[in-house]
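Data first, discussion second: the structure below is written as C-alpha cells.
Remember, predicted model here, so these are calculated numbers, not experimental data.
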Amino acid sequence: MTLSTVAGWLRDPCWNGEVVRVVVAVDTLDREVMAWVPTIGAGIPISAYTCSRRVSSSLHSQQTKPHGSRDMGVGELNNCYEDAELADTIMVVGANPLETQTNYFLNHWVPNLRGASLEKKRREIPNEPHAQGRIVLVDPRRTVTVAACETEAGRDNVLHLAINPGTDLALFNALFTEIAARGWVDRAFIAASTSGYDAAVQANRTTIEQAAQITGLSAEDIRKAATWIAEPKQGGVRRRTMFAYEKGLIWGNDNYRTNQALVNIALATGNVGRPGGGCVRLGGHQEGYSRPSDAHVGRPAAYVDQLLIGGRGGVHHIWACDHFKTTLNAAEFKRAYKRRTDLVKQAMDGVPAGDRAAQVDAIMGAIRQGGLFSVDVDIVPTQIGSCAHIVLPAATSGEMNLTSMNGERRMRLTERYMDPPGQALPDALIVARLAQALERSWRTAGKADIADKFRGYDWRTEEDAFNDGYRRHERGGEHVTYERLRAAGTNGFQEPATGVESGRIVGTKRLFADGKFNKPDGRATFTSTQWRGLQAEGKQAEKDKFRFLVNNGRANHIWQSAYLDQHNDFVRDRFPYPFIEMNPADMTELRLNAGDLVEVFNDNGATQAMVWPVPSARRGQTFMLFAYPTGVQGNVVSKGVNEFIIPNYKQTWANIRKIADAPEGVRHLTFKSQEYRQP
C-alpha cells in the first residue's frame with residue numbers, strides 16, 4: 001500500500017517524490033500550528049521513540065498521558081507476571097483479563113485461584129502462611145472473567161463489586177480510609193519510602209456508608225474488600241495484594257485521579273516493589289516505552305481533536321491510528337475532518353498533478369481557506385486514510401526488526417523474516433526520510449536554527465534508530481544491543497537492564513524493590529483525590545436525559561480495534577455488525593430479539609449494532625463492541641475530558657431503537673452465553 005491522492009486518483013509514488021511533497025507542504029506552512037496523533041499501531045516499539053522524537057522535539061506538538069501514577073513516582077508497569085501467582089489477593093479494576101489478557105490470566109492468575117501455586121508461594125516466600133488466592137473485581141458489568149474466577153476459585157473466594165458506573169474513586173477513597181483507620185498499613189514502608197500520607201488520609205476521608213450510597217454497593221461488601229486487601233495474615237504478616245487495572249479505569253470517569261486513588265491504597269499497604277504485589281496496568285500494546293521528554297508541552301496539552309474541528313492546524317500527520325473508529329465525539333470529528341480535507345483535495349484536483357509548484361500553491365491556498373492537508377502512515381487502508389492526501393506504507397512485525405516489551409517490561413527482538421509489501425518501510429525509516437528532507441529544506445532556505453532541530457536522523461536500519469533512541473536515552477540502555485537481544489531469544493529480559501553477565505543482559509524482575517521511586521527525593525507521593533461526581537462536562541446531564549449506559553470495550557474474538565480483522569472474512573462473517581449486550585427484559589420492552597439491528601443515539605451522534613441478549617447484564621446497562629467499522633461506538637461518546645485533556649470513553653448514555661429484524665447476515669449466528677464453565 002503505497003498510495004497518494006493526486007487529482008482525485010491513487011498511484012504508486014516514488015518515495016522521494018512523496019517525501020518531498022510532504023516536506024514542501026510543511027515547509028511552506030512556516031511552522032504554523034501542527035496537529036499530531038501518536039503512534040498506537042504498527043511498529044509501535046521502534047516508533048514510540050522515533051516518531052515522538054520528531055514530533056515533540058522537532059515540531060513542538062502535543063501528547064497526552066493518562067497515568068496519574070507517574071506523577072506519584074510510580075511507573076505503571078512495575079511488577080512481574082509471577083506476582084499474580086504469589087499474591088494473597090488480586091484486585092482488578094476496569095479490566096476483563098480472560099478476554100483481553102488471556103494468556104496472562106490463564107497461565108498466572110488461574111493457578112493461584114485454583115490453589116495450584118501454593119508450592120511456588122512457599123518456595124519463593126518462606127516463613128509466612130499461604131493459602132489459595134482470592135480476587136476482588138471492580139466492574140459494573142458481570143464479565144466472563146467474573147464467571148471464570150468463580151469457577152476456578154469458588155464463589156467464596158471471589159468478590160465482584162458491581163459499582164455504579166464511574167464511581168471507582170469513591171470506593172477507593174473509602175477503602176483507603178478504612179485500611180488506615182484499622183491500622184492495616186505498612187508504617188515502616190510509608191516512613192522510609194513515601195511522603196504525604198497523613199495529608200492524603202485527611203483529604204480523602206470517606207466513610208463506608210458514604211461510599212455505599214455513591215457506588216450502590218453494600219457496606220458489608222466494601223468492608224469485605226478492605227479485609228481481603230489489607231487485613232494481616234496469621235502471625236501479623238502483611239497481606240500481599242496485587243492491584244491491576246486497565247481501560248475501564250484509564251479511560252473512565254476522572255481517570256487520572258482515580259488511578260492515583262488506587263495507587264494510594266497500594267502504597268499504604270506496602271504492596272509496590274514486593275513479591276505478590278504491584279499496582280499495574282495490564283498492558284495492551286507491545287510497547288517499547290522509550291520516548292523523549294514532553295516537558296515543553298506543559299499542562300494541559302492541546303485538545304487536538306477540538307483544534308481540528310475548530311479549523312486550527314494546517315497539516316495533520318496520522319501514524320497507525322484511525323480516529324474515525326476510535327476517537328471520542330467521532331461523528332462530529334469525521335464531518336469536520338472530511339469537510340476540511342475535501343477543500344484541499346478539490347484544490348489539488350484543479351491543477352496538473354505534475355506541476356509541483358502549482359500543486360503546492362493549491363494546497364497552501366486551500367489550507368489558508370480552512371483546509372487540512374492529511375498524511376497517513378499505516379499498514380492497511382483505514383477510514384480516516386480515505387481522507388488523506390498522502391498515504392505512506394509502513395512495515396509491520398515480521399516485515400521489519402521489531403523491539404517490543406510486554407506488561408512485565410520483558411523486551412524481545414522479533415527479527416524480520418519476510419519482505420514488506422511493495423515499497424513499505426519501517427516507521428523509523430519513514431521518520432528518518434521526512435526529517436532528512438526537512439533539514440535540507442530549511443537549510444536551503446537559510447534557516448539553520450530550524451534545520452538543526454532535524455539533525456541526527458541518519459538512520460539506515462531499524463537498529464540505527466534503536467541505538468539512537470533506546471540505547472542512548474533509556475536507563476540501562478547502554479547494556480542492550482541487537483546481538484544480546486538475539487542471544488536472549490524469546491525470554492528477552494525485563495527492563496531496565498542493569499548489566500551484562502557472560503554475554504547475557506541482566507534485567508530487573510520488579511521495579512522499586514529497593515524502596516526508591518521516580519521522584520527527586522526517591523519517595524513516592526500520596527495524593528489528594530476527593531470524589532467530584534461525573535467529572536467531565538455534560539456527563540451527568542447526559543445520564544439524566546438518556547436511558548441506557550453504553551459501556552464499551554474489546555472482545556476476545558476481535559483483535560484490538562478490528563485493525564486487521566476488518567479485512568478478515570472469518571471475523572466479519574462472525575460479526576457483520578458490532579454487538580451490543582442487553583438485558584432480555586430491556587429487549588422485551590423495546591420489542592427486540594437476538595440479532596436485531598438497532599440504532600444507538602444521543603445528542604452526540606448515532607451508530608448501529610446487533611443485539612446480543614445477556615441475562616447477567618443489569619437493567620439499563622449495555623456493553624457495545626468499540627471501534628468496529630460497521631458501527632462506531634465513538635459516535636455517541638461526548639467530547640468531555642478532564643483538566644489534563646484525558647477523555648472519558650466509558651461513561652456514555654444513549655437511547656436505543658429498533659432499525660430492523662435480524663438481517664440475513666446475522667441469522668446464522670449463535671447468541672449463546674460466553675460465560676466460562678468447567679466441563
Side-chain angles (χ1 to χ4, degrees), residues 39-52 75-85 97 100-108 244 246 278 280-291 320 379 394-420 425-429 459 461-511 559-560 563-564:
T39 301
I40 60 168
I44 289 168
I46 283 188
S47 300
Y49 178 82
T50 58
C51 295
S52 296
E76 67 274 9
L77 296 177
N78 53 67
N79 74 350
C80 62
Y81 287 165
E82 186 182 61
D83 287 320
E85 299 175 63
T100 57
Q101 287 87 18
T102 308
N103 291 334
Y104 181 24
F105 179 78
L106 294 177
N107 290 308
H108 297 282
E246 251 308 314
V280 295
R281 63 163 295 201
L282 290 173
H285 305 292
Q286 290 276 328
E287 299 188 67
Y289 269 68
S290 181
R291 295 177 174 86
I379 64 173
T396 190
S397 178
E399 302 166 0
M400 59 179 283
N401 295 308
L402 187 71
T403 47
S404 63
M405 75 170 190
N406 64 9
E408 61 172 357
R409 311 171 322 284
R410 187 174 296 279
M411 177 178 277
R412 305 175 177 92
L413 171 64
T414 302
E415 294 191 84
R416 171 175 168 167
Y417 55 82
M418 63 182 177
D419 291 336
L425 292 174
D427 290 317
L429 301 189
W459 311 322
T461 67
E462 302 94 302
E463 187 173 5
D464 290 341
F466 177 81
N467 290 336
D468 187 29
Y470 188 87
R471 295 203 67 216
R472 290 180 57 195
H473 296 277
E474 289 303 303
R475 182 159 62 102
E478 68 272 16
H479 305 300
V480 185
T481 66
Y482 265 36
E483 181 181 359
R484 290 168 183 163
L485 286 171
R486 289 188 186 100
T490 303
N491 286 331
F493 78 98
Q494 287 180 270
E495 297 178 82
T498 60
V500 179
E501 293 181 1
S502 302
R504 300 275 178 167
I505 302 168
V506 179
T508 305
K509 191 168 187 176
R510 297 177 185 88
L511 300 187
W559 168 243
Q560 212 220 38
Y563 191 60
L564 296 176

Taking it one step at a time, do Glu246 and Gln101 satisfy side-chain contact (heavy atoms from CB on, under 4.5 Å)?
CA-CA 10 Å; Glu246 251 308 314; Gln101 287 87 18; 3.7 Å; yes
What pair of heavy atoms forms the shortest contact from Trp459 to Leu429, and how long is it?
O-CD2, 4.0 Å
Closer than 3.5 angstrom, by distance alone: can the side chain of Asp83 be matched with the main-chain N or O of Cys80 as a donor-acceptor pair?
yes
Do Val506 and Phe493 touch side chain to side chain, with heavy atoms closer than 4.5 Å?
no
Looking at every non-hydrogen atom in both residues, tell me the closest pair between Arg409 and Thr508 and how far apart they are.
NH2-O, 2.6 Å
Distance (rounded to the nearest 0.5 Å) between Leu564 CG and Thr396 OG1
7.0 Å
Which heavy-atom pair separates Leu77 from Leu511 by the least distance, and what is that distance?
O-CD1, 3.4 Å
What's the shortest heavy-atom distance between Gly507 and Thr498, and which atoms?
O-OG1, 4.0 Å
Check whether any side-chain heavy atom of Asn401 lies under 4.5 Å from a side-chain heavy atom of Thr461, and answer yes or no.
no
Just by distance, do the side chain of Tyr81 and the backbone of Gly407 share a donor-acceptor pair under 3.5 Å?
yes
Partners of Arg416 by salt bridge (Lys or Arg N to Asp or Glu O under 4.0 Å), sequence neighbours excluded?
Asp419
Does any N or O in the side chain of Arg412 come within less than 3.5 Å of the main-chain N or O of Thr490, such that one atom is a donor and the other an acceptor?
yes
State, yes or no, whether a side-chain contact exists between Phe105 and Thr100 at a heavy-atom distance under 4.5 Å.
no
Please round to the nearest 0.5 Å and tell me the distance separating atom OG1 of Thr481 and atom CD of Glu463.
7.5 Å
Answer whether the closest heavy-atom distance between the side chains of Glu462 and Tyr482 falls below 4.5 Å.
yes
By side-chain hydrogen bond (donor to acceptor under 3.5 Å, both in side chains), Glu478 pairs with (sequence neighbours left out) none
Indicate the atoms forming the closest heavy-atom contact of Ala394 with Ile379, along with that distance.
O-CG2, 3.2 Å
Would you say the side chain of Tyr470 lies within less than 4.5 Å of the side chain of Met411, judging by non-hydrogen atoms?
yes
Any Glu82 side-chain heavy atom under 4.5 Å of Lys509 side chain:
yes
Show the nearest heavy-atom pair for residues Val480 and Arg484, with the distance to one decimal.
N-NH1, 4.5 Å
Close side-chain approach of Met405 to Arg410, heavy-atom, < 4.5 Å
no
Could you tell me whether the side chain of Glu399 reaches within less than 4.5 Å of the side chain of Met418, counting heavy atoms only?
yes
Measuring from atom CD of Glu408 to atom CZ of Arg510, what distance do you get when rounded to the nearest 0.5 angstrom?
10.0 Å
Residues in salt bridge (Lys or Arg N to Asp or Glu O under 4.0 Å) with Glu483, at least two apart?
none
Between Asn467 and Arg471, is there a donor-acceptor pair closer than 3.5 Å when you use the side chain of the first and the backbone of the second?
no
Taking atom CZ as the centre, does Arg475 end up with more than 12 heavy-atom neighbours from other residues, nucleotides or ligands that are less than 6.0 angstrom away?
no
